[in-house]
Amino acid sequence: MKIELNGETVELAEGASVAEAVHVAGAAERGVAVAVDGEVVPRGEWDTSALREGQHVEVLQAVAGG
Amino acid sequence: MKIELNGETVELAEGASVAEAVHVAGAAERGVAVAVDGEVVPRGEWDTSALREGQHVEVLQAVAGG
Amino acid sequence: MKIELNGETVELAEGASVAEAVHVAGAAERGVAVAVDGEVVPRGEWDTSALREGQHVEVLQAVAGG
Amino acid sequence: MKIELNGETVELAEGASVAEAVHVAGAAERGVAVAVDGEVVPRGEWDTSALREGQHVEVLQAVAGG
Amino acid sequence: MSLELAGRTWESRLILGTGGFRSLESMEQSLKASGTEIATVALRRVDPAAQGSVLEVIERLGLFLLPNTAGCYTARDAVRTARMAREAFATDWVKLEVIGDDRTLFPDAVELLRAAEELIGEGFVVLPYTNDDPILARRLEQIGCAAVMPLGSPIGSGAGIRNAYNIQILVEQAGVPVILDAGIGSASDAALAMELGCDGVLLASSVSRAKDPVAMATAMRKAVEAGFEARRAGRIPRRLYAEASTPGD
Amino acid sequence: MSLELAGRTWESRLILGTGGFRSLESMEQSLKASGTEIATVALRRVDPAAQGSVLEVIERLGLFLLPNTAGCYTARDAVRTARMAREAFATDWVKLEVIGDDRTLFPDAVELLRAAEELIGEGFVVLPYTNDDPILARRLEQIGCAAVMPLGSPIGSGAGIRNAYNIQILVEQAGVPVILDAGIGSASDAALAMELGCDGVLLASSVSRAKDPVAMATAMRKAVEAGFEARRAGRIPRRLYAEASTPGD
Amino acid sequence: MSLELAGRTWESRLILGTGGFRSLESMEQSLKASGTEIATVALRRVDPAAQGSVLEVIERLGLFLLPNTAGCYTARDAVRTARMAREAFATDWVKLEVIGDDRTLFPDAVELLRAAEELIGEGFVVLPYTNDDPILARRLEQIGCAAVMPLGSPIGSGAGIRNAYNIQILVEQAGVPVILDAGIGSASDAALAMELGCDGVLLASSVSRAKDPVAMATAMRKAVEAGFEARRAGRIPRRLYAEASTPGD
Amino acid sequence: MSLELAGRTWESRLILGTGGFRSLESMEQSLKASGTEIATVALRRVDPAAQGSVLEVIERLGLFLLPNTAGCYTARDAVRTARMAREAFATDWVKLEVIGDDRTLFPDAVELLRAAEELIGEGFVVLPYTNDDPILARRLEQIGCAAVMPLGSPIGSGAGIRNAYNIQILVEQAGVPVILDAGIGSASDAALAMELGCDGVLLASSVSRAKDPVAMATAMRKAVEAGFEARRAGRIPRRLYAEASTPGD
């Protein structure tokens, strides 16, 4: 299935989890947050919550700033 | 009946009009506005609109300022 | 004879007067002052005061400034 | 004899030395300078240089300042 | 070049408040000397004892009357005062003041926006007294204010323009006329406001409370003209070092 | 109230330098617009190629000609230049400039005093361009200068008055007229100079090098008048906080 | 005397932003030299190519991480960013930025208040970046912000404190700590902020973009301490004239 | 980097005057806290009643004693005072003050130069207290002064640096160390002096007359270091508008 991951369309296996999306995004182990369709997904639910076709996934991490 | 006119309690005849209240307040002919219980009363309705017991009447006029 | 007129060497007739130097300098009729070897020469003496070989003559006039 | 010491007239023995004047002035041991009639007297000459009637002696020392 | 405000044009770029004068005579002569075409007034409870009337002065001089909402701390108060003013003076114009506290008399951004939105909805021509925040000014412009009137410093402080940079930025970003309102102390402040690009100046205390109000009113008239003309004349750049004005220096 | 300088009275408190104009036409119109009664000129070697004459302009406008010693770095040069000017223009008046270096064009206190003393001894009316040091100003006054002309900032810098406190102190201590000379950039600077108590303003570049010199000359005329009148009107004090201009606020 | 923020105490009154450094090494050494205990970070989309991590630097130095909402133009964006930050860094603290435009980066009063209210409702410790308006600051305090962080001048402008009077007034009226945020250019600006009564200073560009960031970080540490101690020491009053320091002068 | 004055090097760039302290104890603790290596003293007629001695304090702390000529109005007085100081303290160094009047305590350029020339001829190391005129400073340098010490504002006024531009120009043109002398009111003033490029700061009243002199002395020590390091660190340029410190803003 296709999802939009940090603004780019990527192909994931049916029912792939948020955790997999995070992995694909190339995020570090820590200091990472995920929002699916604008809603924050707690780290504890990354493995269990499955993604659906066409969802927008934002994977953010810390950068120098402010 | 008693009404509150510019913060002071005054005695007016039953069913006295806004115009009478304006007169009692000692307002000038022009540059005057009236509010009864917070609602502005257009000059055109001063004669016809009767006051009721306990209403709050504000009669304002221009002062130097600003 | 040679004199230095406003920084340039010019040839004048023996005993040429200050007035002649002023003329050669191309000065206007008015608003002009002359110094010979650093000493101011009053306008009244221009015709009568003769120049000598090698003297430095400054002919100044008004310019916009200040 | 009378001399003027720091603005006050004081009585000293005939031929009293600068050193005695300094003593009378109540100056500390160190950080002191003396001028007689406006001329500085080097410390080395205090004992030997005698004062004369009516001389002005200034005995200065350090104060907090500047 | 005339000032355009809400579709009307004015020859004078100086607006005078009527507060603080020692007498109506002083007020009248000062208004005349200032050359202003617009004078602000406030609304207060009728005082039968009051001698004479600011209204008569304004009419005698043929000035445009601009009611203000001075003394209002909430949008609700300000809106009601504006409605009363419309009724009293038969004008849709209002100088909108919504104050945050009585020490600074600084505007309250939130209540100010609320009142402005409400009044514009009711067809008022709203001239808001605001702070020197360009973002707030743009919001006021976007909701339809006819001008923005940033302060230079607190009302009556005479402290001039404390942040000329913000005024400059506000002017650069503004799409409606900018009137410097509050803080003017002397003529040079008024001239500076215009040099910064303001379209006009509104002041009261600097004239009404001066030792000689009429003389100060004259000074302010000339200062506003001077600043406006200097702005248009295109000033020389500021340099750290000198630039000789005489050839050969 | 008119300005008195060396026993002569003047209606205008603005003195214009003639340097920096793009054309004699621009100069003439600007001098006229400024309302000045005094214009400064410099002396240079005759240039036969030169078109027209600043002198004719000044005479046509009926202005008082004030020669300067611009470009002199020593008392000796300045004195000689002043003598030449006296001969050329039949005037005892001189704006005395003795410069310390060519980057700042700041005056040299020592040479300036020397030249002033010499020229006053020769009967000149000396108007010295000086810095904003009140002590030097007093010395110039004590040796007989007809006025003191402190700078606000470097000549032609347009940086305005960099140390208003020194100008204020200098004015408080001065017994002769004080003319703010050099540094004026725009109208508000000229107004401020007068508000600080100066008796007049001398400027050149801010007008002659403005994009529109005539418009700036008009602005400067009004600004000097505005500042002078504001000073006399007695300004309100500066406050940190507000002072309501409407009763009951 | 230590700074108290939201119930936690800090020895250092200097907060550093991590933006603008040329390298992580430079950032780490500068953070160390500054003596700060708090460092801000932003949130952006994962960039797999990114070398090293600001997080590791902050942890290695044992600093308290303060996420910001830089780049947000609406309350909605800012709230979402704050929630993501809470998830990513397991902290309730947030430096709340809601920007009005990208030229001034000035805060938007309306959206800022909206976001602050929302986040405080969700249990965040909100440190809002605000303008120098004391009225807005009081509103932020009233809705429960742990501090107010007014700007001195635009972010990264290095223009210092453009309106020291507003900062002074804001401090006098504030009931929560005041952190001067944005505009600091050099050490004297930081010292001045503390002398005006601010409880701390937050800065980034002035250090990270200095030619020698580590040296500037050291300077800022000392400047904040100097300003804080000078404030407590009780400065002498400002005078127009002199006051001799040596007896008999 | 250490300060070099007349061939001697110093670790501290802060010089303290000893005037104005409430007690010798306060003076001693403040001198210690300031980290200064040089303290100035004046000369006055012996007062047998005087308790304790500033000399003992200076020696106990191992400081370098710098006599001044405070209170002298003529070159003659100043020269005599300097000679007395040489005799009293066995030092060739002198902080040369020649005052023009007792309200401003501004230096008198003419008498100052005269005294400096005379004393240098007699082998003194002359550190002249001067105004902020770069031309006078250059003359003082040319006749052999070991440093120039321009004022920021009147002695004891606490008004800071009233003309930062002149100080900047003076520093750019100076070939000897520049010590900002007089006018410092608080820590930010001292930091600014160093940021402008001064090599050191001399102050007295701002510390001795502060409510807590020891705390202010500490603040001044840090402020001078901060300003010096900030200058060397290379500050960011000043901008009118913002410059984002977070990528993507």
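Atom set for the values below is all heavy atoms of this structure, side chains included, hydrogens, waters and symmetry mates excluded. A note on names: the letters A, B, ... follow the listed sequences, proteins ahead of strands, and every chain is numbered from 1.
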Any chance [atom1] of [X] has more than 12 other-residue heavy atoms, nucleotides or ligands included, within less than 6.0 Å?
X	atom1	result
B/Glu11	CD	yes
E/Arg60	CZ	yes
B/Arg30	CZ	no

Counting heavy-atom pairs under 4.5 Å with chain E, which one of B/Gly26, B/Ala25, B/Gly31 comes out on top?
B/Gly31

Are the side chains of E/Met84 and B/Gln61 in touch, meaning some heavy atoms are under 4.5 Å apart?
no

Does B/Asn6 reach the side chain of E/Val46, with side-chain heavy atoms less than 4.5 Å apart?
yes

Between E/Arg86, E/Arg83, E/Glu59, who has the most heavy-atom pairs with chain B when the cutoff is under 4.5 Å?
E/Glu59

Against chain B, label E/Glu56 side chain, backbone, both or neither, depending on which of its atoms sit under 4.5 Å from a heavy atom there.
neither

Where on E/Leu43 is there a heavy atom nearer than 4.5 Å to chain B: the side chain, the backbone, both, or neither?
both

Decide salt bridge (Lys or Arg N to Asp or Glu O under 4.0 Å) for E/Glu87 and B/Arg43; before the verdict, give the C-alpha distance in whole Å, the side-chain angles of both, and the deciding distance to 0.1 Å.
CA-CA 7 Å; E/Glu87 191 58 28; B/Arg43 176 175 292 267; 5.5 Å; no

In short, B/Gly65 meets E/Thr18 closest at the heavy-atom pair N-OG1, 2.8 Å

Closest heavy-atom pair and its distance - E/Met27, B/Ala64:
CE-CB, 3.6 Å

Cut-off 4.5 Å, heavy atoms of chain E, and the answer for B/Val22 is neither

